[in-house]
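Structure first, then comments.
Each chain gets a letter, A, B and so on, in the order its sequence line appears, and its residues count up from 1.
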Amino acid sequence: MADSLFEGLTEAQREAVAHVEGPILVLAGPGSGKTRVVTHRIAHMLRSGVYSSQIVALTFTNKAAQEMRSRVERLAPDSTVWVSTFHRFCARLLRAYSNLVGLEQNYTIYDTSDSLQILKRALQSEEISTSHATPEKVAKAISWAKNNMVLPERYEANSHNAISSIVRDVYPEYQRQLRAANAVDFDDMLMLVAQMLQENPELRAALDERFRYILVDEYQDTNLVQYLLVRSLSQQYPNLGVTGDPDQSIYGWRGANLNNILDFEKDFNQVKVVRLEQNFRSTPNILLVADQLISHNKRRKKKSLFTDASPGQPVRMLTYTTSHEEAQAIATRIAAQVAQGKRRPRDFAIFYRVNALSRAYEEALRQQGIPYMIVSGVEFYQRKEIKDVLAYAMLMNNPRDDVAFTRIVNTPTRGIGKSTILKLQVHALDQGISMMEAAREAGVIESLSKRAAVAVAKFVSLFDRLSLKINEPVEDILGAILEQTGYRAQYENSDDDDDVSRLENIDELLSAAREFDFQHPEDGTLERYLEDKALVNETDNFDADLDRVTLMTLHAAKGLEFPCVFMVAIEEGLLPHERSKDSDAQLEEERRLMFVGITRAQEELDLSTANQRDFRGRRMMTVPSTFLFELPREEMDFQAALPRMVSPASDWEDVHEIPPDDFSQIGESGDFSDQTPSNPPEPPTKMLITAAEMVTGPGSARPKSDPNQFHQSMAVLHPTYGLGKITSMSGEGAKRTATVQFVTGPQKKFVLAFSDLRPVSKT
DNA sequence: CTATCCTCGCTTTTT
DNA sequence: GCGAGGATAG
């Protein structure tokens with residue numbers, strides 16, 4: 001039946017879609033329609049008589065899962081195919097079979113910072129000195145072990161590595177304390193399920209049968225545990241379909257093992273291999289550059305990428321004298337194209353290797369009045385007030401959760417100080433009980449003063465009162481926490497802007513809880529709600545609908561595409577990064593990173609370097625990346641970015657040599673803009689003028705503003721952050737401060753008398 | 001206990 | 001150059 005599922009597909013794509021039984025490896029080059037193939041394949045399986053309950057599709061991120069789910073739904077509206085992240089899949093299995101791995105069904109999922117608390121405690125109780133290794137480093141090493149299925153008792157220290165001996169000593173205790181708290185860390189979720197399947201052959205066989213068809217997306221990013229997991233569920237029914245591209249594996253540093261995809265054909269019998277090599281995204285010129293670069297990697301599977309698109313413009317390679325000029329030139333180019341109506345801001349993206357580089361481009365864009373957004377992975381931190389409130393809920397759900405207990409026993413303050421908490425902890429450890437249980441025995445703990453014991457007893461009764469509500473709707477539970485603990489009260493009636501915003505965040509949490517209750521009329525348990533909270537990251541801050549230039553790291557760019565891409569700072573030490581240069585494997589990963597960046601571009605691609613770069617507050621001479629010498633230079637457009645540059649490609653190797661007089665520029669003082677020949681950018685057309693445009697020139701001595709002219713909700717301008725709005729104010733006279741929410745994202749607090757804030761006139 | 005000072009160190013990031 | 005986290009003072 002040549003049905004609609006195959007319409008418009010290439011030969012290779014059809015081949016993959018048509019495959020139902022047995023293992024299949026789909027090697028999907030960039031822009032080759034991979035998701036389309038996977039979703040159509042699922043739909044085809046369903047039409048071929050496979051029950052949707054027998055299929056599970058695993059992804060890494062919630063975003064990918066969501067995307068796949070909605071696309072499957074479109075093709076097969078009433079199917080109940082389970083599309084899930086690895087972690088959520090494992091979370092469910094752990095709930096069902098918790099007893100097999102020493103957990104209770106209501107176990108807690110610790111995030112990275114919670115786990116770190118446990119680790120610090122474990123380091124303390126084992127009396128291990130961390131003077132030569134931070135807890136963070138130890139945590140990383142433990143995570144590595146867990147990703148590689150190394151159980152605590154099997155861990156062996158490496159004599160060359162100081163951290164590994166610490167890990168050997170602390171890993172078992174860390175794991176004990178997690179189990180004592182009835183908690184798991186993220187890595188446990190996968191490792192424990194894998195362990196459970198190894199130790200319980202009947203269960204493994206049953207689940208293998210239940211999940212007869214398993215699909216794994218981004219297979220090149222799987223680690224050993226994930227590999228063991230899917231392999232053990234594909235024994236009697238080896239219908240494992242994996243999709244990925246070894247050339248786009250950029251997460252080796254967090255445990256991804258390239259061997260999984262490279263050896264897939266060895267791991268299973270009669271593997272069907274389909275290569276998706278036709279690219280539907282980029283021009284041949286861009287593809288050629290990508291292909292030449294990646295051909296320098298050894299550990300890969302060769303693919304020949306091709307496209308039907310017309311050649312398009314050559315890829316440009318630009319060398320600037322300074323990073324400042326690089327940023328200016330990019331911003332000017334974008335401004336000009338937008339002004340001409342040729343492109344919109346959202347058509348452009350700027351990619352860099354490290355977040356710390358973003359500033360220069362931000363500033364240049366701001367000066368040009370171009371709207372932009374930064375997609376950054378660092379703003380992930382959880383807000384304190386949210387974590388506090390949820391900690392109460394977590395403790396209700398799992399009273400053994402010592403991290404939650406420690407967090408809220410004195411929040412808001414109720415006279416239970418550090419030493420009291422420590423005494424409770426010691427008592428708990430002695431008796432082999434949880435801190436909550438220890439708190440119940442406060443009256444008989446000798447070391448505790450009468451006063452402390454009373455404070456603790458009061459807390460316990462408060463907690464018990466709250467716990468009565470555990471089966472009520474989540475919104476009611478959180479509401480009760482906020483009222484009965486006095487948590488809300490401590491922030492109410494406060495003028496402080498931080499407190500105001502805390503209350504706003506709390507209200508948002510409540511309305512999200514209401515939404516959860518609404519969405520889960522049947523299974524809206526607190527347990528379920530907390531699992532959602534633990535496994536979903538709400539800061540999905542990339543909104544493709546906004547008409548803004550996108551700034552992001554190369555890692556963040558994976559999976560996206562833009563008509564016009566600028567890849568910047570392609571210099572030794574940055575790309576490849578200096579910390580990646582000691583091994584070939586890491587160097588190849590850096591090359592893949594560049595490959596990923598290049599292949600995001602649909603029509604235009606600019607690669608650039610600067611001879612001098614301002615970075616981390618210092619000015620440094622740079623060396624162009626070795627990767628640049630691996631590109632098809634004859635096919636590219638080498639441009640002198642500035643009058644001073646040597647332009648022809650033949651002289652290009654000389655460009656990075658520093659003319660003697662250039663050293664005069666190296667110094668700690670002085671603004672670049674003084675030295676650069678000023679070629680003022682074309683002023684953008686009127687419709688483009690944003691607030692930043694109105695800022696007076698850099699460094700001009702402007703009198704500070706009178707604090708009294710500011711008021712709540714006023715639009716203001718800052719020379720660095722651009723346009724913003726005053727969300728709240730506090731203090732008086734010289735100490736009067738304003739909190740400003742900037743349109744570019746950040747929220748900052750200013751002492752008005754000393755700030756460079758200016759009101760925006762309404763004219 | 002909390003505010004502020006100072007030191008350190010510094011890829012990439014999801015769950 | 002900047003922010004997190006520890007130390008110290010009030």
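Phosphate proximity of dT14(B) to Thr85(A): absent, as no side-chain N or O sits under 4.0 Å from OP1 or OP2. Put simply, Asn62(A) has no side-chain N or O that comes within less than 4.0 Å of OP1 or OP2 on dT14(B). Remark: Arg359(A) is in phosphate contact with dC2(C), judged by side-chain N or O atoms under 4.0 Å from OP1 or OP2. For Asn355(A) and dT12(B), the shortest distance from a side-chain N or O to OP1 or OP2 is below 4.0 Å. One finds no side-chain N or O of Arg616(A) lying less than 4.0 angstrom from the OP1 or OP2 phosphate oxygen of dG9(B).
To the nearest 0.5 Å, atom CD of residue Gln248(A) and atom NZ of residue Lys34(A) are 7.0 Å apart. A distance of 7.5 Å separates CD1 of Ile570(A) from CD1 of Ile598(A), quoted to the nearest 0.5 Å. To the nearest 0.5 Å, atoms CD (Gln177(A)) and CZ (Arg121(A)) are separated by 4.5 Å.
Residue-nucleotide stacking is not present for His555(A) and dT12(B), judged by a side-chain ring centre under 5.5 Å from the six-membered base ring centre and planes under 30° apart.
No contact: Glu531(A) has no heavy atom under 4.0 Å from any strand.
Relative ring orientation between Phe211(A) and Trp82(A) is described as tilted, the plane-to-plane angle lying within the 30° to 60° band.
The listed nucleotides are dT15(B), dC10(B), dT12(B); the one nearest the side chain of Arg579(A) is dC10(B). Listed nucleotides: dT11(B), dT14(B), dT2(B). Nearest to the side chain of Ser580(A): dT11(B). If you check dT14(B), dC10(B), dT15(B) against the side chain of Leu535(A), the one that comes closest is dT15(B). Among dT12(B), dT2(B), dT15(B), the nucleotide with an atom closest to any side-chain atom of Trp253(A) is dT12(B).
In this structure, Asp187(A) places its CG atom 14 Å from P of dT15(B), rounding to the nearest Å. Atom CZ of Phe351(A) is separated from atom C1' of dT13(B) by 16 Å (rounded to the nearest Å). Taking atom CG of residue Asn223(A) and atom C1' of nucleotide dT15(B), one finds them 11 Å apart after rounding to whole Å. Atom CD of Glu589(A) and atom P of dT11(B) are 16 Å apart (whole Å). As rounded to whole Å, 10 Å separates atom P of dT14(B) from atom NZ of Lys63(A). The distance between atom CG of Leu554(A) and atom C1' of dT13(B), rounded to the nearest whole Å, is 14 Å. For Phe595(A) and dT12(B), the CZ to P distance is 23 Å, given to the nearest whole Å. Distance, Arg618(A) CZ to dG9(B) C1': 13 Å, rounded to whole Å.
Salt bridge status for Lys581(A) with Glu590(A): absent, with no side-chain N to carboxylate O gap under 4.0 Å.
In this structure, dT11(B) is classed as syn because its glycosidic torsion stays within 90° of zero.
Put simply, the side chain of Arg353(A) and the base of dT12(B) share a donor and an acceptor less than 3.5 Å apart.
Residue Glu578(A) is the one, among Glu578(A) and Arg88(A), whose nearest nucleotide of DNA chain B lies closer to the 5' end (criterion: closest heavy atom).
Only the C1' atoms considered, dT12(B) is 23 Å distant from dG5(C), to the nearest whole Å.
In this structure, Lys458(A) places its NZ atom where only 12 or fewer heavy-atom neighbours from other residues, nucleotides or ligands lie under 6.0 Å away.
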